[in-house]
Undergrad: 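To start, I am sharing the structure in question, which I have written as structure tokens.
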Amino acid sequence: MSRGVIFITGTSTGIGRAAAERLAKAGYDVIPGIRRPDTLPEPIKEPVTIDLADPDSIGPATQQVLDRAHGNLVAIDNNAGYSVSGPCEALSIDDWRAQFEVNLFGHLAITRALLPALLATKGRIVNIGSIGGRFASPFIAPYNASKFAVRGWTDAMRIELAPHGVNVVLIEPGSVETAIWGKGRAQADEQLSKLTPEQQERYGEQVKGALQMVEYVATHGITAEKCAAVIERAITARRPKGRYVVGTDARFQATMSMLPVSLTDRVTQATLRRMSRR
């Protein structure tokens, strides 16, 4: 017998894919949300096509979820996301809007559409944030800002919905071995190619250090399956935590976020300089 229906966005790869597989094997009817048609492994159900960058796709997709759930939607996992990178000076307002459309506004729209069903079942909302929503890094300001916003939204919604039986949880992973690193590096390379000679001169060494840092963390992250295990715990625990910090580097950055800004800025700048010499 099914333990209920769960809708997960961003299930083509990475954390979303791992969470979908894990929860389906645990007995849930998982409805995966993907941007493009794809075949997913059993026992995951037929996917719903949804593109968070396209607001017009969200209404039809969430209606499909409601129709298929038959009143038994017990959780949503707002997982889809990507990263916009580059110096703030060089990023356009459209770059920022695109980042927030996917990482924040799309999930807001999904949650708003599905909230009545979750209130009826006293279900659960799991938002995949990032430790980058506590501790910002240079040259990924749009990503950091969107994840800071997700954290604020989640905290407020958790308090609003707790008296009505809906638990809201934030997952804050650090580095995870997923395709987002390759996609993010490709986007960064494209953005860097657009810099003026003056901007390249201004930010060159810092950017080199930041890219070396990305290369390092991309090969030292936790597995998507480890993050999926925490998502399952957040959904199944009788009394889930409000936030789960996942990964050693995430715990380190969570601690750094509580230190004086003057200290953390010096540490970050020194790290960039050291990485640029590698």
Side-chain angles (χ1 to χ4, degrees), residues 1-82 98-129 146 150 153-154 157 161 164-171 178-180 183 224 227-228 231-232 234-236:
M1 182 178 292
S2 170
R3 298 173 69 180
V5 176
I6 299 177
F7 179 51
I8 305 177
T9 60
T11 53
S12 295
T13 59
I15 296 172
R17 178 72 164 261
E21 291 186 27
R22 187 179 187 94
L23 290 164
K25 290 175 182 176
Y28 291 96
D29 285 331
V30 173
I31 300 178
I34 57 177
R35 284 196 305 145
R36 291 181 292 271
D38 193 9
T39 301
L40 299 176
E42 291 291 341
I44 302 175
K45 303 297 183 181
E46 179 184 352
V48 166
T49 302
I50 183 169
D51 183 354
L52 274 68
D54 176 12
D56 291 336
S57 76
I58 293 174
T62 52
Q63 187 58 54
Q64 286 185 59
V65 172
L66 293 172
D67 291 343
R68 288 170 56 178
H70 301 295
N72 196 27
L73 183 69
V74 297
I76 58 175
D77 175 9
N78 288 316
N79 171 80
Y82 81 114
Q99 180 75 97
F100 272 74
E101 194 66 55
V102 173
N103 286 12
L104 178 67
F105 296 130
H107 292 306
L108 276 166
I110 289 168
T111 303
R112 185 172 182 273
L114 299 179
L115 184 55
L118 293 169
L119 285 165
T121 62
K122 298 189 183 302
R124 205 153 288 188
I125 299 167
V126 177
N127 289 334
I128 308 303
S146 70
V150 167
W153 165 49
T154 304
M157 189 166 52
L161 295 179
H164 310 291
V166 175
N167 287 294
V168 182
V169 178
L170 178 67
I171 309 294
T178 71
I180 193 173
K183 294 175 183 177
C227 199
I231 292 170
E232 181 183 19
I235 288 174
T236 58

Undergrad: Only counting residues at least two apart or in another chain, list the ones meeting side chain to side chain contact (heavy atoms under 4.5 Å, CB included) with A120.
TA: none
Undergrad: Can T11 and N79 be said to form a side-chain contact (heavy atoms from CB on, under 4.5 Å), step by step?
TA: CA-CA 8 Å; T11 53; N79 171 80; 5.9 Å; no
Undergrad: Mind checking whether R17 and P32 have side chains closer than 4.5 Å, heavy atoms only?
TA: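 No, their side chains stay 4.5 Å or more apart.
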Undergrad: S146: what forms a side chain to side chain contact (heavy atoms under 4.5 Å, CB included) with it, not counting sequence neighbours?
TA: Q99, F100, N103
Undergrad: With sequence neighbours excluded, tell me which residues meet side chain to side chain contact (heavy atoms under 4.5 Å, CB included) with A26.
TA: R3, Y28, E232
Undergrad: Which atom pair, heavy atoms only, marks the closest approach of P55 to A53?
TA: CD-O, 3.5 Å
Undergrad: Any pair with a residue in residues 62-75 that passes side-chain hydrogen bond (donor to acceptor under 3.5 Å, both in side chains), sequence neighbours left out, goes on the list, sorted by first then second residue, please.
TA: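 For residues 62-75, and leaving out neighbouring residues, the side-chain hydrogen bond (donor to acceptor under 3.5 Å, both in side chains) pairs sorted by first residue read Q63-D67.
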Undergrad: Considering non-hydrogen atoms only, spot the tightest contact between A19 and I8 and give its length.
TA: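 Taking A19 first and I8 second, the nearest heavy atoms are C-CD1, 4.1 Å.
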Undergrad: Specify the closest pair of heavy atoms between N127 and M157, including all atoms of both residues, with the distance to one decimal.
TA: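 So the two residues come closest at ND2-CE, 3.9 Å.
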Undergrad: If you compare all heavy atoms of L73 against all heavy atoms of L118, which two are closest, and at what distance to 0.1 Å?
TA: O-CD2, 3.7 Å
Undergrad: List for me each residue that meets side chain to side chain contact (heavy atoms under 4.5 Å, CB included) alongside A80, sequence neighbours excluded, and say none if there are none.
TA: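 T9, L52, H107.
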Undergrad: What side-chain hydrogen bond (donor to acceptor under 3.5 Å, both in side chains) pairs are there with at least one residue in residues 109-121, not counting sequence neighbours?
TA: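 side-chain hydrogen bond (donor to acceptor under 3.5 Å, both in side chains) check on residues 109-121 returns N78-T111.
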